[in-house]
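Below is one structure, written out as structure tokens; comments come after it.
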Amino acid sequence: MHIATSAKLINITAAALTGAALLFGAGSGAAHAANRIVARVSLSEQIMEVSVDGRPTFAWKVSTGDRAHVTPTGSFKPTRMHEMWYSKKYDNAPMPHSVFFSGGYAVHATYAIKRLGQPASHGCVRLHPDNAADFYQLVETFGPANTSIVIVK
């Protein structure tokens with residue numbers, strides 16, 4: 001487990017350094033292509049694939065909206081971030097490492113990790129706490145303006 005965690009941190013660090021090197025490297029073309037994160041969430045597959053500068057970097061199980069609660073589809077930019085947020089709508093439910101992308105919808109950690117891989121949320125995109133922390137760190141490092149959250153059926 002420690003090796004896997006270290007490997008994740010190395011991947012995040014390497015991605016961040018590569019993006020920074022491209023951003024500050026020679027040529028305006030390099031700066032334009034650098035520092036871009038795309039998180040693609042598939043509602044049908046219950047997977048979030050994260051690409052950094054066009055390179056697939058992570059693929060994580062998620063839980064999105066259940067039958068009674070819709071997860072919005074489309075392409076979004078993060079609008080705000082909170083290391084810890086408590087839902088005002090759902091009895092102060094904890095939402096660690098929240099990256100909000102549309103009104104009250106966010107990508108965030110869940111403690112219901114046995115439900116990952118199947119619809120179970122009130123519309124948010126839930127991740128394992130370790131993965132949510134990694135995603136939060138990536139968005140914080142590269143910036144919300146350089147992050148896209150794309151949700152497809």
Side-chain angles (χ1 to χ4, degrees), residues 4-5 8-20 22-23 31-153:
T5 302
K8 272 189 188 179
L9 293 175
I10 290 168
N11 285 340
I12 289 173
T13 303
L17 292 175
T18 299
L22 288 172
L23 180 64
H32 178 71
N35 277 348
R36 183 140 168 76
I37 300 168
V38 177
R40 183 183 179 277
V41 178
S42 169
L43 299 178
S44 61
E45 296 176 22
Q46 294 293 292
I47 294 285
M48 182 166 106
E49 298 169 322
V50 180
S51 295
V52 178
D53 294 333
R55 290 184 310 270
T57 307
F58 299 104
W60 297 315
K61 287 182 183 181
V62 297
S63 286
T64 59
D66 60 21
R67 288 183 186 169
H69 304 91
V70 173
T71 298
T73 58
S75 184
F76 307 92
K77 292 283 189 192
T79 56
R80 60 191 170 100
M81 297 172 61
H82 300 277
E83 277 194 66
M84 178 53 86
W85 184 257
Y86 294 93
S87 171
K88 293 175 178 83
K89 188 173 181 178
Y90 296 107
D91 299 321
N92 277 339
M95 300 167 60
H97 294 106
S98 291
V99 178
F100 285 87
F101 60 87
S102 179
Y105 295 100
V107 175
H108 65 82
T110 183
Y111 301 119
I113 58 175
K114 290 181 180 180
R115 306 282 314 265
L116 292 171
Q118 58 189 312
S121 80
H122 286 111
C124 286
V125 178
R126 296 179 182 174
L127 288 167
H128 186 283
D130 294 341
N131 300 336
D134 287 348
F135 182 66
Y136 186 92
Q137 181 70 43
L138 278 170
V139 176
E140 193 171 58
T141 300
F142 289 101
N146 296 316
T147 301
S148 294
I149 299 168
V150 180
I151 303 175
V152 299
K153 294 210 184 261

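For reference, positions follow the sequence shown, starting with 1. Note that this is a predicted model, so its numbers are computed, not measured.
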- Message: If we ignore hydrogens and angles and just use 3.5 Å, is the side chain of T57 paired with the main-chain N or O of R55 as donor and acceptor?
- Response: yes
- Donor-acceptor under 3.5 Å (N131 side chain, L127 main chain): no
- Query: Can you name the salt bridge (Lys or Arg N to Asp or Glu O under 4.0 Å) partners of E49, sequence neighbours left out?
  - Reply: R40
- Taking C-beta and beyond as the side chain, do K61 and H128 meet within less than 4.5 Å on heavy atoms? no
- Task: Any chance you could lay out the side chain to side chain donor-acceptor pair (under 3.5 Å) test for T141 and Q137, step after step, and finish with the verdict?
- Result: CA-CA 6 Å; T141 300; Q137 181 70 43; 3.2 Å; yes
Less than 3.5 Å apart, which donor and acceptor atoms pair up between the side chains of residues 103-126 and the rest of the protein, not counting sequence neighbours?
from: T110; atom 1: OG1; to: A112; atom 2: N; distance (Å): 3.0
from: S121; atom 1: OG; to: T64; atom 2: O; distance (Å): 3.2
from: S121; atom 1: OG; to: G65; atom 2: N; distance (Å): 3.2
from: S121; atom 1: OG; to: G123; atom 2: N; distance (Å): 2.9
from: S121; atom 1: OG; to: C124; atom 2: N; distance (Å): 3.2
from: S121; atom 1: OG; to: C124; atom 2: O; distance (Å): 2.7

- CG of L138 to CG of N146: how many Å apart, nearest 0.5 Å? 12.0 Å
List, one per line, each side-chain donor-acceptor pair under 3.5 Å for residues 87-101, sequence neighbours excluded.
from: S87; atom 1: OG; to: K89; atom 2: N; distance (Å): 3.2
from: S87; atom 1: OG; to: Y90; atom 2: N; distance (Å): 2.9
from: S98; atom 1: OG; to: M95; atom 2: O; distance (Å): 2.6

- Separation between OG1 of T147 and CZ of R36, rounded to the nearest 0.5 Å: 8.5 Å
- Task: Side-chain contact test, heavy atoms from C-beta onward, threshold under 4.5 Å: evaluate it for V52 versus F142 and give yes or no.
- Result: yes
- Specify the closest pair of heavy atoms between V50 and M48, including all atoms of both residues, with the distance to one decimal. CG2-CE, 3.8 Å
- Sidechain-backbone polar pair: E45 side chain, S42 backbone, donor-acceptor under 3.5 Å: no
- Rounded to the nearest 0.5 Å, what separation is found between the CZ atom of R80 and the CH2 atom of W85? 4.5 Å
- Message: A side-chain contact here means heavy atoms from C-beta on lying under 4.5 Å apart; do W60 and F135 qualify?
- Response: yes
- Under 3.5 Å: donor-acceptor pair, side chain of T73, backbone of I151: no
